[in-house]
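Below is one structure; the comments refer to it alone.
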Amino acid sequence: MIIKYHRERAKVISVDNSDVHQHLIIRTGNQELSVKILGGHNKGQKTKATNRLQGKVEFDEFYTKGDIILLEFTAQNDIIHSAFARGRYRIRIEVTLAISVSLLLNLIGGWTGFKALLSFLFTALMLWKVMFPRFLKGEDPIIIALMIMTLITGSICFLVGGLNKKGLVAFSGAFLGLLITCFPAQFFHKGFQIHGAGRPVAEMLLYSGFF
């Protein structure tokens with residue numbers, strides 16, 4: 001049987017910190033939560049959820065009564081089997097911020113601001129739908145990054161600057177900068193023997209099968 005995970009908004013009703021261990025500013029252990037699901041097929045249901053604290057400030061979140069969180073859980077026949085807190089629910093405020101910035105950009109920048117907004121959207125889509133998936137498939141990251149960044153740079157320079165001499169000069173300068181950065185990386189990375197997994201989330205990708 002395939003286990004299906006659901007993700008919905010939930011409100012923290014109460015917290016149990018008896019299994020949380022405090023070491024100065026670092027917390028480890030499990031914070032047990034009682035939550036009420038606020039959306040989806042299981043809306044209105046109450047359940048227990050676990051907030052696992054790894055002792056890493058950049059990842060851990062500590063919840064209190066009344067917090068709205070993103071809940072990941074498995075359910076079968078309306079019975080929730082396991083649930084975990086995956087962070088505070090920020091999507092609505094993120095959407096509000098994005099709309100506000102877009103409106104201000106168009107209001108202040110006019111047609112140029114609109115073209116800048118298009119370039120932002122194009123950049124986000126290229127990174128999300130093209131570059132990151134190709135990285136995870138194991139394709140050459142330097143070549144892929146050079147190609148994608150060239151397309152992104154071109155879209156920004158020519159959308160904002162226009163198809164003219166000014167846009168061409170801006171694109172040429174930025175493209176040469178990319179080449180100067182990529183060539184040493186391509187030819188010297190084997191000699192330095194740097195694997196690139198130096199970020200905190202690298203282990204998570206490796207354990208997920210991306211290597």
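Note that the structure is predicted; figures quoted are calculated from it, not measured. Nothing fancy with the numbering, it's 1 onward along the sequence.
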Quiz item: With sequence neighbours excluded, what pairs up with Arg88 under the side-chain hydrogen bond (donor to acceptor under 3.5 Å, both in side chains) test?
Solution: Asp67

Quiz item: For Arg134, which residues count as a side-chain hydrogen bond (donor to acceptor under 3.5 Å, both in side chains) partner, sequence neighbours excluded?
Solution: Glu139

Quiz prompt | Partners meeting side-chain hydrogen bond (donor to acceptor under 3.5 Å, both in side chains) with Tyr89 (sequence neighbours left out) | solution = none

Quiz item: In Å and rounded to the nearest 0.5 Å, what is the CG to OG1 distance from Asn106 to Thr112?
Solution: 10.5 Å

Quiz item: How many angstroms lie between CD in Gln22 and OG1 in Thr28, if you round to the nearest 0.5 Å?
Solution: 9.0 Å

Quiz item: Rest of the hydrophobic cluster containing Val35 (Ile/Leu/Val/Met/Phe/Trp/Tyr, side-chain heavy atoms under 4.5 Å)?
Solution: Val12, Val15, Leu33, Ile37, Tyr63, Ile69, Leu71, Phe73, Ile80

Quiz item: Between atom CG of Asn51 and atom CG of Asp60, what is the distance when rounded to the nearest 0.5 Å?
Solution: 7.5 Å

Quiz item: Same hydrophobic cluster for Val95 and Leu103, using side-chain heavy-atom links shorter than 4.5 Å among ILVMFWY?
Solution: yes

Quiz item: Who pairs with Thr181 by side-chain hydrogen bond (donor to acceptor under 3.5 Å, both in side chains), at least two apart in sequence or on another chain?
Solution: none

Self-check item: Side-chain cluster (under 4.5 Å, hydrophobic types only) that Val101 belongs to, other residues
Solution: Leu97

Practice problem: Could you go through the side chain to side chain contact (heavy atoms under 4.5 Å, CB included) check for His41 and His6 one step at a time? | Solution: CA-CA 10 Å; His41 180 72; His6 304 269; over 6 Å; no

Self-check item: Side-chain donor-acceptor contact under 3.5 Å, Thr50 with Glu32
Solution: yes

Quiz item: Is the number of heavy atoms from other residues, nucleotides or ligands under 6.0 Å of Ile93 CD1 greater than 12?
Solution: no

Quiz prompt | Spatial distance of atom OG1 (Thr64) from atom CG (Asn17) [nearest 0.5 Å] | solution = 9.5 Å

Residues 140-155, side-chain donor-acceptor partners within the protein, below 3.5 Å, at least two apart:
from	atom 1	to	atom 2	distance (Å)
Asp140	OD1	Ile142	N	3.0
Asp140	OD1	Ile143	N	3.3
Thr150	OG1	Leu146	O	2.6
Thr153	OG1	Met149	O	2.6
Ser155	OG	Ile152	O	2.7

Quiz item: Applying the 4.5 Å side-chain criterion to the ILVMFWY set and letting contacts propagate, would Trp111 and Ile108 be lumped into a single cluster?
Solution: no

Practice problem: Compare every heavy atom of Lys48 with every heavy atom of Ala83, then report the nearest pair and how far apart it is. | Solution: CB-O, 3.5 Å

Quiz item: For residues 10-29, which residue pairs qualify under salt bridge (Lys or Arg N to Asp or Glu O under 4.0 Å), counting only residues two or more places apart or in two chains?
Solution: none

Ignoring hydrogens and angles, write down the donor-acceptor pairs under 3.5 Å from the side chains of residues 158-169, residues two or more places apart or on other chains.
from	atom 1	to	atom 2	distance (Å)
Asn164	OD1	Lys166	N	3.2
Asn164	OD1	Gly167	N	2.9
Asn164	ND2	Gly161	O	3.0

Quiz item: Which residues pass the side chain to side chain contact (heavy atoms under 4.5 Å, CB included) test with Lys36, sequence neighbours left out?
Solution: Ile13, Lys46

Self-check item: Candidate pair Thr74 and Tyr5, rule side chain to side chain contact (heavy atoms under 4.5 Å, CB included), full reasoning
Solution: CA-CA 5 Å; Thr74 59; Tyr5 288 89; 3.6 Å; yes

Without placing hydrogens or testing angles, list every side-chain donor-acceptor pair under 3.5 Å for residues 122-133, not counting sequence neighbours.
from	atom 1	to	atom 2	distance (Å)
Thr123	OG1	Ser119	O	2.8

Practice problem: Could you list the residues that satisfy salt bridge (Lys or Arg N to Asp or Glu O under 4.0 Å) with Glu72, not counting sequence neighbours? | Solution: Arg7, Arg86

Quiz item: Is it the case that more than 12 heavy atoms not belonging to Phe183 sit under 6.0 Å from its CZ atom?
Solution: no

Practice problem: Compare every heavy atom of Ala170 with every heavy atom of Cys157, then report the nearest pair and how far apart it is. | Solution: SG-C, 3.8 Å

